[in-house]
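Before any comments, here is the structure.
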Amino acid sequence: MRKKVSVVTGGSRGIGRAICEMLLDEGYTVVFIATNDKKSREFISERGGDLHYYRCDVSDPVAIEETCRRIKDEFGTVSVLVNNAGIQTHVPFLEMSAECWMQTMDINLNSAFYFCRAFAQGMVDNKWGRIINIASMSARRGSNKHVHYCASKAGLVGMTRALSLELARYGVTVNAVCPGIVDTDIVQETLSFKKEIWLGEMHVKRLGQPADVANAVKFLVSDASDWVSGQSLDINGGILTP
Ligand code: NDP
């Protein structure tokens, strides 16, 4: 039987890379999207296996459309889509330009719409699919200088709920994961001055690791989660639960 095909955006490093590794372990063909050729090729040579890289800037809808077409031509129907690519800049709201706002929306939220649109029909035709959106605890609470980031992640949670309502009846579940503080590149600047405060708020007194998020995604792609859809799962060491 042909292996199922999965697509992970932002798979070159961090959480996305851990999700790619989990999916390889689960027997999937894994296609990841990123822009950093060096990191992406290093990942492929270190890990090997049925792992494939497509260079695509996910802020560009035309590039996404072309990339998704190439993926479908090469691999056929995509069964699992993980919308993970994301950025976080630190900008006070009173200084925020429209360009800054739009860049965050394009990468963190709009790209998920374009990837879902490209692959959802194939999942519906196959009567099985999994869409996982990597949101954030920032969808649940505000954080300083992150109005754009929080809005984009809350958008993903809303999109997850509504898309589930339309697709789950066809066997395509749609869920989100809302990670807390995970030790990757994206949080290093903030960690340098906020690590102890964050650890103080967590019940589990350690930073998250990319594998913690990948383990949650593992459940959500599995048949064991067949009756779970429209949910946003908090994975954060308890930071949102005083
Ligand atoms: P990293 O900065 O380590 O990884 C970000 C990934 O997104 C990279 O693979 C990067 O690829 C990709 N990416 C960014 N911009 C683009 C773009 N324009 N086009 C294509 N790919 C892009 O961060 P994390 O692994 O931590 O983040 C993964 C997701 O998890 C993000 O959505 C983030 O918001 C979310 N998250 C992270 C948390 C944390 O504490 N780490 C907490 C909550 C949510 P490349 O550089 O190759 O382009």
Side-chain angles (χ1 to χ4, degrees), residues 8-23 25 32 34 36 39 42-43 46-47 82-96 100-101 103-105 107-109 112 132-158 160-161 175-222 225 228 231-242:
V8 179
T9 69
S12 57
R13 54 200 166 93
I15 292 170
R17 176 173 166 147
I19 292 169
C20 290
E21 294 185 296
M22 176 278 294
L23 289 166
D25 291 342
F32 72 92
N36 187 321
K39 285 250 177 223
E42 276 168 13
F43 178 26
E46 283 162 24
R47 173 64 207 225
V82 183
N83 289 305
N84 164 79
I87 58 164
Q88 183 183 67
T89 55
H90 315 291
V91 185
F93 179 70
L94 296 178
E95 295 167 19
M96 190 173 295
C100 174
W101 172 271
Q103 184 199 32
T104 297
M105 290 299 159
I107 294 173
N108 293 8
L109 177 60
I132 321 287
N133 297 316
I134 307 301
S136 169
M137 74 174 187
S138 300
R140 313 283 201 203
R141 73 180 214 184
S143 68
N144 201 26
K145 302 183 187 172
H146 295 153
V147 172
H148 50 346
Y149 183 79
C150 293
S152 71
K153 295 301 186 177
L156 278 176
V157 168
T160 298
R161 272 196 296 262
N175 291 289
V177 175
C178 295
I181 312 303
V182 182
D183 194 5
T184 66
D185 295 344
I186 209 170
V187 288
Q188 292 311 309
E189 190 184 329
T190 315
L191 269 181
S192 64
F193 62 90
K194 222 178 153 183
K195 183 174 176 181
E196 294 311 316
I197 297 171
W198 273 333
L199 285 174
E201 292 176 9
M202 289 178 204
H203 304 189
V204 182
K205 299 290 177 193
R206 66 167 175 84
L207 298 177
Q209 294 301 319
D212 292 315
V213 181
N215 284 335
V217 175
K218 181 176 172 178
F219 168 66
L220 292 173
V221 298
S222 74
S225 69
V228 180
Q231 305 306 304
S232 295
L233 185 57
D234 293 312
I235 306 285
N236 57 33
I239 199 170
L240 290 180
T241 314

Value for OG (S136) from CG (N108), rounded to nearest 0.5 Å, stands at 9.5 Å

Please list, chain by chain and in numerical order, all residues satisfying salt bridge (charged side-chain N to carboxylate O under 4.0 Å, His left out) with E46, sequence neighbours excluded.
R17

If the condition is side chain to side chain donor-acceptor pair (under 3.5 Å), which residues does D25 pass it with, not counting sequence neighbours?
R47

What's the spacing between L156 CG and S138 OG if we round to 0.5 Å?
11.5 Å

OG-CD1 distance between S232 and I134, expressed to the nearest 0.5 angstrom:
10.5 Å

Heavy-atom closest contact (P210 atom, V182 atom, distance):
N-CG1, 3.6 Å

Can you tell me how far SG of C178 sits from CG of L233, rounded to the nearest 0.5 angstrom?
8.0 Å

How close do A18 and A211 get, counting heavy atoms only, and between which atoms?
CB-N, 4.1 Å

Start with the C-alpha gap between V217 and L23, add the side-chain angles, then the distance that decides, and say whether side chain to side chain contact (heavy atoms under 4.5 Å, CB included) holds.
CA-CA 9 Å; V217 175; L23 289 166; 5.6 Å; no

Would you mind writing out the side-chain donor-acceptor pairs for residues 86-96 within the sub-3.5 Å range, not counting sequence neighbours?
from	atom 1	to	atom 2	distance (Å)
T89	OG1	H148	NE2	2.7
H90	ND1	H146	NE2	2.8

List for me each residue that meets salt bridge (charged side-chain N to carboxylate O under 4.0 Å, His left out) alongside E42, sequence neighbours excluded, and say none if there are none.
K38

Side chain to side chain donor-acceptor pair (under 3.5 Å) involving T160 - partner list, sequence neighbours excluded
N133

Applying side chain to side chain donor-acceptor pair (under 3.5 Å), name anything that partners E196, two or more places apart in sequence or on another chain.
none

Note: G10 and A85 closest approach over all heavy atoms is N-CB, 3.8 Å

Do I15 and T184 come close enough that some side-chain heavy atom pair is under 4.5 Å?
yes

Got a second to check how far K194's NZ is from S143's OG, nearest 0.5 Å?
6.5 Å

Qualifying side-chain hydrogen bond (donor to acceptor under 3.5 Å, both in side chains) pairs with a residue from residues 233-242, counting only residues at least two apart or across chains:
R140-D234

Residues L220, V228; criterion side chain to side chain contact (heavy atoms under 4.5 Å, CB included); working and verdict:
CA-CA 8 Å; L220 292 173; V228 180; 4.1 Å; yes

Residue list, side chain to side chain donor-acceptor pair (under 3.5 Å) with D185, at least two apart or on another chain
R13

Among all residues two or more places apart in sequence or in another chain, which pass the side-chain contact (heavy atoms from CB on, under 4.5 Å) test with A151?
W101, M105

Can you measure from CD1 (I19) to CZ (F32) and round to the nearest 0.5 angstrom?
13.0 Å

side-chain contact (heavy atoms from CB on, under 4.5 Å) filter on V204, not counting sequence neighbours, yields R206

Donor-acceptor under 3.5 Å (D183 side chain, G208 main chain)
no

How would you list all residue pairs meeting side-chain hydrogen bond (donor to acceptor under 3.5 Å, both in side chains) that involve residues 213-222, not counting sequence neighbours?
none

Determine whether K153 and Y149 make a side-chain contact, defined as any pair of heavy atoms from C-beta on separated by less than 4.5 Å.
yes

Answer whether the closest heavy-atom distance between the side chains of I132 and V177 falls below 4.5 Å.
yes

Write down the atom of A139, the atom of V157, and the distance for their closest heavy-atom approach.
CB-CG2, 3.7 Å

Please determine if E201 and R141 form a salt bridge, counting it only when a charged side-chain N lies under 4.0 Å from a carboxylate O.
yes

Working note: T190 + I181, criterion side chain to side chain contact (heavy atoms under 4.5 Å, CB included); need CA distance, chi angles, decisive distance, verdict.
CA-CA 10 Å; T190 315; I181 312 303; over 6 Å; no

